[in-house]
Amino acid sequence: MAPKPITSPVPDSWYPTLSVFTLAIGLVLTASFFIYEATSSRKTRSLVQELTTGAVASIFLGFGSLFLLIASGVYV
């Protein structure tokens, strides 16, 4: 039985679209994080909400950057 070549689970034509959407979602979450930090007082802030929003925004920005690099021809 011949080995099967490794292929991407996502079609190559989707990379630009995925990069735009994931970067947009990451930037919106980052903006909401900054708005939350600027508008809430120290006594009403929630560490869990800050960590959750920051982690999710970081994940989306990371994947968006990855798809942008791959879409532009830099294979990492």
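All of these numbers come straight from a predicted model, not from anything done at the bench. This chain uses plain numbering: 1 for the first residue, then up along the sequence.
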Taking all non-hydrogen atoms of both residues into account, name the closest pair between Ala57 and Thr30 and its distance.
CB-OG1, 3.7 Å

Honestly curious: do Trp14 and Phe67 fall in one hydrophobic cluster under the side-chain, below-4.5 Å linking rule?
yes

Between atom CG of Leu23 and atom CZ of Phe63, what is the distance when rounded to the nearest 0.5 Å?
12.5 Å

Ser40 meets the side-chain contact (heavy atoms from CB on, under 4.5 Å) criterion, sequence neighbours left out, with Tyr36, Thr44, Arg45

Hey, is the main chain of Gln49 close enough, under 3.5 Å, to the side chain of Thr53 for a donor-acceptor pair?
yes

Looking only at the side chains, is there a donor atom on one of Ser8 and Tyr15 sitting less than 3.5 Å from an acceptor on the other?
yes

Are any non-hydrogen side-chain atoms of Leu29 and Phe60 less than 4.5 angstrom apart?
yes

Smallest heavy-atom separation, Ser19 atom then Gly64 atom, equals CB-O, 3.7 Å

Could you state the interatomic distance from CG (Leu69) to OH (Tyr75), rounded to the nearest 0.5 Å?
11.5 Å

If you round to the nearest 0.5 Å, how far is CG of Leu66 from CG of Leu18?
10.0 Å

Same cluster for Ile70 and Val74 if Ile/Leu/Val/Met/Phe/Trp/Tyr side chains link at under 4.5 Å?
yes

For Leu27, give me all partners under side-chain contact (heavy atoms from CB on, under 4.5 Å), at least two apart in sequence or on another chain.
Leu61

Nearest heavy-atom neighbours spanning Ala71 and Pro16
CB-N, 3.9 Å

Tell me whether Phe21 at atom CZ has more than 12 heavy atoms from other residues, nucleotides or ligands lying less than 6.0 Å away.
no

